[in-house]
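Read through the structure below, which is laid out as structure tokens, and then see the notes.
Atom set for the values below is all heavy atoms of this structure, side chains included, hydrogens, waters and symmetry mates excluded. Just so it is clear: chains get the letters A, B, ... in the order the sequence lines come, proteins before strands, and each one is counted from 1.
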Amino acid sequence: MQLHRLVETSREVTATSSRTAKTTLVATLLAEAEPQEAGLVAAYLAGVLPQRRTGIGWRTLSAERPAAAARPTLEVAQVDRRIQELADLAGSGSSGRRRELLRTLYADLTDAEQRYVTGLLSGELRQGASDGVLLAAIAQAADVPAADVRRAVMLAGFTAPVAQAALTDGAAGLARISLEPGRPLRPMLAGSAPDVPAALDGTPVRLDRKLDGIRIQAHKVGEDVRLFTRSLEEVTERLPEVVELVAALPHDTVVLDGEVIALAADGRPEPFQVTGSRTASAGSPEALRASTPLTTFFFDLLHLDGEDLLDLPLAQRFSRLADLVPPDALVPSMVTDDTEEAQRFFAETVEAGHEGVVVKRLDAPYAAGRRGAGWVKVKPRHTLDLVVLAVERGSGRRRDWLSNIHLGARDPDTGGFVMLGKTFKGMTDETLRWQTERFRELATDDDGWVVTVRPEQVVEIAFDGVQRSSRYPGGVALRFARVLRYRDDKSADEADTIADVRALRG
DNA sequence: TTCCGACAGTGGGGTCGCAAT
DNA sequence: ATTGCGACCCCACTATCGGAA
């Protein structure tokens, strides 16, 4: 298939807001793909590169853009091969060679093709169609039920191989995709609720302690153990403690879901940054263990010795899990239908330094990749009244608005403000309209991207916690900050202080 | 007809490894 | 040695479409 066909479809997909129309456009092109390129075309249509790492990012892409070719010439498969060359050179010290490859590729692309490939390489195609539309389109093009496609994607972990199987072999191809121990599947995700009562539905539920660590999917096949993150990156070499724990399980084939976290000597959790740093670090097993020991807590069992457990209700999966793993490797949890009891568990968990709870329906199967009602997380929420120091121009649908605000805490010592981070979250279109006008009035400077304002507007901010920061002058930053409301009943000299913020860090 | 679940988009801070400076 | 970049860890929230109720 010619790349320009794909680019033309992408343009049409972007042009319509109808999802059914997007789906039909994608399905039509999928049906045109040659059998051997179906997976590749599917991935490209969803804005995904088969190569996870290319070494080419936003910065490199904006640095150079050669003159475009007058006419389209490249096949999708040719583009894939040339991007593969780039990816093969990533991390090999040949950035000059990679830039050269990028230049010659772009010189062979028309203007529209260049923009499309830039979207692919940067991961920001923004055509209003991604995995969800692709999934529906695969079902339409292969004439198979969407639910079967969804299930296959969950089991395969990625969409492209499912598209390949469905478009070449239809229902029979889909049916051949199963949970394969040793190969990661998409993890089940949780929705969220503002408090414990909102997460309960009157029936008994299991409340798991929510640990602020790294999600781990563990596979054991005979002597072989492999570990994967939420995005299915393999991290086996980085977590020798977890490998040892899983290898010791007295079963031949096991697939587990859980979380690893660094605990202090007193058993309280370390800040997320400590666990994150350890998990991102390479080194010898001995050095890794010695640097920051990790503790593993499993909360689900997906497969055991040839038996898939995904469709069993949680109650049964958890009971099988509890029989399998050592008690101290099982996530602390409880079952209740009583609101007060659940509230108490939540309060104790937070008091012990943990992130919150995940409320799980006892009858829910393991539905990977969906943020449904099966699992709901509840976390405490902090708030502060801060002052807006600057605003950044938005992009995409926020192009004409001032969007991302810079947040400052009052510093009584200097009479000024200390920046703590930024946020673009929690704003409705109405808020965006209002703040665009308001901050234009308060503007003192504009560098084309950031508009600096007189520090007068107070905003109430919700956030999950305070973390150590090397970026911001106060040495602290807010985690997951979002706007609750603008406050016109408070002036900037009534805003919360940097001392208030530091006190939250303890 | 109204409601609500699922998606896509719009970005946040921190950390590592690697290459260039 | 330091800095910039890419990639990945954690992620919240709103608007919209279209099927469910």
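We find that A/R433 and A/E430 are joined by a salt bridge, their nearest charged nitrogen and carboxylate oxygen being less than 4.0 Å apart.
Put simply, A/S17 has a side-chain N or O that comes within less than 4.0 Å of OP1 or OP2 on C/dC17. Taking side-chain N and O atoms only, A/S192 has no distance below 4.0 Å to OP1 or OP2 of C/dA12. Contact check, A/T20 against C/dC17: no side-chain N or O comes under 4.0 Å of OP1 or OP2. A close approach under 4.0 Å does occur between a side-chain nitrogen or oxygen of A/S403 and OP1 or OP2 of B/dG11. In this model, the phosphate group of B/dC16 is approached by a side-chain N or O of A/S277 to a distance below 4.0 Å at OP1 or OP2.
Candidate nucleotides C/dC5, B/dA8, B/dG11 were compared by shortest atom distance to the side chain of A/V133, and B/dA8 ranks first. Listed nucleotides: C/dA12, C/dC5, C/dC11. Nearest to the side chain of A/R59: C/dC5. The A/S231 side chain lies nearest to C/dC8 when the options are C/dC8, B/dA6, B/dG9. Residue A/T428 has its side chain nearest to C/dT14 when only B/dT10, C/dT14, B/dA6 are considered. Side-chain proximity of A/R53 to the nucleotides C/dC11, B/dC16, C/dC8 is greatest for C/dC8. Residue A/K425 places its side chain closer to C/dA12 than to any other of B/dT10, C/dA12, C/dC10. Listed candidates were B/dT10, C/dT14, B/dG17. Nearest to the side chain of A/R397 is B/dT10. Candidate nucleotides C/dA12, B/dG14, C/dC8 were compared by shortest atom distance to the side chain of A/R52, and C/dC8 ranks first. In this structure, the nucleotide among B/dG14, B/dG11, C/dA7 sitting nearest to the side chain of A/A477 is B/dG14. Ranking C/dC8, B/dA6, B/dG12 by closeness to the A/R150 side chain, first place goes to B/dA6.
If you check the side chains of A/D88 and A/Q84, you find a donor sitting under 3.5 Å from an acceptor. Under the 3.5 Å distance criterion, with hydrogens and angles disregarded, a donor-acceptor pair is assigned to the side chains of A/R398 and A/S403.
Using a 30° and 60° split on the angle between ring planes, A/Y486 and A/W434 fall in the tilted class, from 30° to 60°.
A/R19 contributes a side-chain N or O that forms a donor-acceptor pair with the base of C/dT16 under 3.5 Å.
Separating the CZ atom of A/R471 from the P atom of B/dG12 is a distance of 9 Å, rounded to the nearest angstrom. Rounded to a whole Å, the CZ atom of A/R238 is 10 Å from the P atom of C/dC8. Protein atom CD of A/E355 is 6 Å distant from nucleotide atom P of C/dC11, rounded to whole Å. Rounded to an integer number of Å, the gap from A/Q273 CD to B/dG14 P is 7 Å. Between the CH2 atom of A/W401 and the C1' atom of C/dT14 there is a distance of 11 Å, given to the nearest Å. For the pair A/L89 CG and B/dA20 P, the interatomic distance rounds to 12 Å; values are reported in whole Å.
Figure legend: cation-pi geometry between A/R479 and A/F463 absent, as NZ or CZ is not positioned both under 6.0 Å from the six-membered ring centre and within 45° of its axis.
When each of A/I214 and A/L61 is assigned the nucleotide of DNA chain C bearing its nearest heavy atom, the one mapping closer to the 5' terminus is A/L61. The residue among A/G213 and A/M427 whose nearest nucleotide of DNA chain C is located toward the 5' end is A/G213.
The environment of A/E237 atom CD is sparse: at most 12 non-hydrogen atoms of other residues, nucleotides or ligands sit within 6.0 angstrom.
The partner of B/dC7 is absent, by the rule that a Watson-Crick or G-U pair needs both atom distances under 3.5 Å.
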